[in-house]
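Handing you a structure now.
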2 protein chains.
Amino acid sequence: MYVTMPNDQSSLSQFSATRRKADRKLARDLKPGGYLFREGDEARYIFRVLSGVLRLTRVMENGRRQVIAFGYPGDVIGFPNGAEHHTDCDVLTPARVVAYRRELLESGAGDAELHDELLTAALREISSMQDHFMMLGRKSASEKLASFLCVLADRVGTPLGPYTQIALPMSRCDIADFLGLTTETISRTITQLRRSGVIALESVHQVIILKPDDLLTLAGGEED
Amino acid sequence: MYVTMPNDQSSLSQFSATRRKADRKLARDLKPGGYLFREGDEARYIFRVLSGVLRLTRVMENGRRQVIAFGYPGDVIGFPNGAEHHTDCDVLTPARVVAYRRELLESGAGDAELHDELLTAALREISSMQDHFMMLGRKSASEKLASFLCVLADRVGTPLGPYTQIALPMSRCDIADFLGLTTETISRTITQLRRSGVIALESVHQVIILKPDDLLTLAGGEED
DNA sequence: CTGTTATGTATCAATTTGTAACGGCGCGGA
DNA sequence: TCCGCGCCGTTACAAATTGATACATAACAG
């Protein structure tokens, strides 16, 4: 059974209260194992995650897969480039999203506030993707995993302290494909972190941070 | 001496003719070795490259560097997220850019057409960064380099045929930091491509494609 | 309960990196 | 002008990291 992320609403503060209220009626519920869109689907909507976790992936013809991002509450997913989606968006946990017509981003379509929120989300997306470049290109396996855990904690709004718990709704393979590693390396590295007492596993999908400072150190510095 | 990219105007077609004419008066000339902005600078403008090549980098506190992107004619650089730039933008070749106030993207500020062009550029940027994720996370050194050459050729509008020449205005180190490799690996891989007769070097910064089909094969498939 | 999938572990192989050395080229100063 | 210096690029070899393979174990669904 999937574990629900704590503090699912933490990142929604960037959206106005009236927006959140209006969205509630338009919200769409998604089941784990389902999907929001697939590569090649017509990109008619942009989605905002209200709760739950989604996964955005791209697959090469030879089968190699790259997880582009995980969609957490507050994230906006499905920015269009051309007529079709170029990624798959799958549902990892029970989730709820709001769908906005792409015209709301492209022309405003009468709702200036929402237009602005979607635009800001797109710019934030660019910035966070730049962070991820550093992760993929210039960090070792252990740095990647440590960074990943830190980013996840930050993303769900959980302060990094001793005994902080972090849910991992995604599989080891998802983590590997997100970090540009193999599942074996993920396993190995998690074991290293466990043996060195930096983390413990409550369950396979629930990590306990034992030494937050060590984890941050292992994560390697951010941009200077 | 830097080599000028062929077909510098190739990608400008996505911007309207009237725009290009208006921009000419606002254009700013840049010298190699100079820069457009640095991390921490206030992000007041968004830039569009008219000619020349720029380099967008992010540096970690431990000195590790990631080249986020190379800015070629038609590219838009400096999308803001928050008040400050989070990257350095340096000038690789004599270049010309136009600066737009960030309000033009954020509110339109009266110019709907430009607003739309900048927004489209942002969405295109997200998509191309997703491509690059695949490159960084799931391709081998030789695949990365082959892909890089193909993308460069495509970017400047040069069709990939026998004896096609591609200018490399950036250093080996820049290429390495872009692809998540080391300069030595870049050198070694270029040598491999040369020895196998796929490419030749007109000069250090000028590649000749001898076997375009082999290069495309080596580049590995795109997303399926 | 049982077949199936996911995860962990160990071993070995492959790729990539690190280190060092060398040559070439441009630049500035003597 | 010539020389020396430093940066860039290349190469060879050793070392480290990561990947591949195989298998055991655990979790899960029917």
Side-chain angles (χ1 to χ4, degrees), chain A residues 1-3 31-33 55 62-67 90 92-93 135-146 148 167-196 199-207 218 220, chain B residues 1-3 31-33 55 62-67 90 92-93 135-146 148 167-196 199-207 218 220:
Chain A
M1 192 52 177
Y2 285 105
V3 182
K31 291 197 186 72
R55 180 190 62 202
N62 53 28
R64 279 180 281 186
R65 196 180 70 143
Q66 177 70 38
V67 171
D90 300 278
L92 295 186
T93 74
M135 182 103 116
L136 284 172
R138 284 288 171 248
K139 287 191 175 181
S140 68
S142 51
E143 287 173 331
K144 283 178 179 178
L145 190 63
F148 178 67
L168 301 178
M170 66 293 291
S171 71
R172 298 292 189 262
C173 181
D174 288 338
I175 300 176
D177 287 344
F178 183 62
L179 299 179
L181 300 167
T182 60
T183 59
E184 294 88 341
T185 301
I186 299 295
S187 269
R188 231 183 323 210
T189 311
I190 287 181
T191 301
Q192 283 175 11
L193 289 181
R194 273 200 309 122
R195 286 208 223 281
S196 57
I199 65 170
L201 290 190
E202 165 73 26
S203 74
V204 175
H205 291 288
Q206 188 81 10
V207 174
L218 274 171
Chain B
M1 191 56 174
Y2 285 105
V3 182
K31 290 197 186 72
R55 181 190 61 201
N62 53 29
R64 278 181 280 185
R65 195 180 71 142
Q66 177 69 39
V67 171
D90 300 279
L92 295 186
T93 74
M135 182 105 115
L136 284 172
R138 285 285 171 251
K139 286 192 175 180
S140 69
S142 50
E143 288 173 330
K144 284 178 179 178
L145 190 64
F148 178 67
L168 301 178
M170 66 292 292
S171 71
R172 298 291 190 262
C173 182
D174 289 337
I175 300 176
D177 288 344
F178 183 62
L179 299 179
L181 300 167
T182 60
T183 58
E184 293 89 341
T185 301
I186 298 296
S187 267
R188 275 184 287 246
T189 310
I190 286 181
T191 302
Q192 282 176 12
L193 289 180
R194 271 199 311 121
R195 286 209 221 279
S196 57
I199 64 171
L201 290 191
E202 166 73 27
S203 74
V204 175
H205 292 286
Q206 188 81 12
V207 175
L218 274 171

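Letters go in sequence order (proteins before strands), and every chain restarts at 1. Just so it is clear, the structure is predicted and the values come from calculations on it, not from any experiment.
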Euclidean distance, B:F178 CZ relative to B:L136 CG, rounded to 0.5 Å: 7.5 Å
Spacing of B:L145 atom CG relative to C:dT15 atom C1', expressed in whole Å: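 From B:L145 CG to C:dT15 C1': 16 Å.
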Distance-minimising heavy-atom pair for B:L168 and B:V204: CD1-O, 4.4 Å
Earlier contact from the 5' end, DNA chain C, for A:R195 and A:V204: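 That would be A:V204.
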A:L218: partners by side-chain contact (heavy atoms from CB on, under 4.5 Å), with sequence neighbours left out: A:A146, A:L193, A:V198
Spacing of B:K144 atom NZ relative to C:dT17 atom P, expressed in whole Å: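 These atoms are roughly 7 Å apart.
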Rounded distance (Å) that lies between atom P of C:dT7 and atom CG of A:L168: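 The answer, rounded to whole Å, is 10 Å.
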Non-neighbouring partners of B:R65 that pass side chain to side chain donor-acceptor pair (under 3.5 Å), sequence neighbours left out: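 Checked B:R65 against side chain to side chain donor-acceptor pair (under 3.5 Å); matches are B:D174, B:D177.
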Length of the line joining A:R138:CZ and D:dT18:P, which is rounded to integer Å: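 Those two atoms, CZ and P, are 13 Å apart.
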Of all pairs that satisfy salt bridge (charged side-chain N to carboxylate O under 4.0 Å, His left out), the ones with a partner from residues 181-191 of chain B, not counting sequence neighbours: none
For B:R138 against A:L181, the heavy-atom pair lying closest together: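 Of all heavy-atom pairs spanning B:R138 and A:L181, the closest is NH2-O, 2.5 Å.
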Whole-Å distance separating the CZ atom of B:R172 from the C1' atom of C:dG23: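 Rounded to the whole Å, the gap is 15 Å.
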Degree of bending in the helix from C:dC1-D:dG30 to C:dA30-D:dT1 once both end axes are built from five pairs, to 10°: 40°
Between C:dA6 (P) and A:L201 (CG): distance, integer Å: 18 Å
Within residues 181-188 of chain B: residues closer than 4.0 Å to DNA chain C (heavy atoms): B:L181, B:T182, B:E184, B:T185, B:R188
Distance in Å, A:I175 CD1 paired with A:M170 CE, rounded so as to fall on 0.5 Å steps: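 If I round to the nearest 0.5 Å, the distance is 6.0 Å.
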Separation of atom CE in A:M170 from atom C1' in C:dT5, rounded to whole Å: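 These atoms are roughly 19 Å apart.
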Residues that B:S187 engages under side-chain contact (heavy atoms from CB on, under 4.5 Å), provided they are two or more places apart: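 So B:S187 forms no side-chain contact (heavy atoms from CB on, under 4.5 Å) with any residue.
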side-chain N/O A:R194 vs C:dT9 OP1/OP2, d < 4.0 Å: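 So the side-chain polar atoms of A:R194 do come within 4.0 Å of the phosphate oxygens OP1 or OP2 of C:dT9, strictly under.
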Pairing residues for B:S140 by the side-chain contact (heavy atoms from CB on, under 4.5 Å) criterion, not counting sequence neighbours: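 side-chain contact (heavy atoms from CB on, under 4.5 Å) list for B:S140, sorted by chain: B:S142, B:E143.
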Length of the NZ-P vector between B:K139 and D:dG19, whole Å: 17 Å
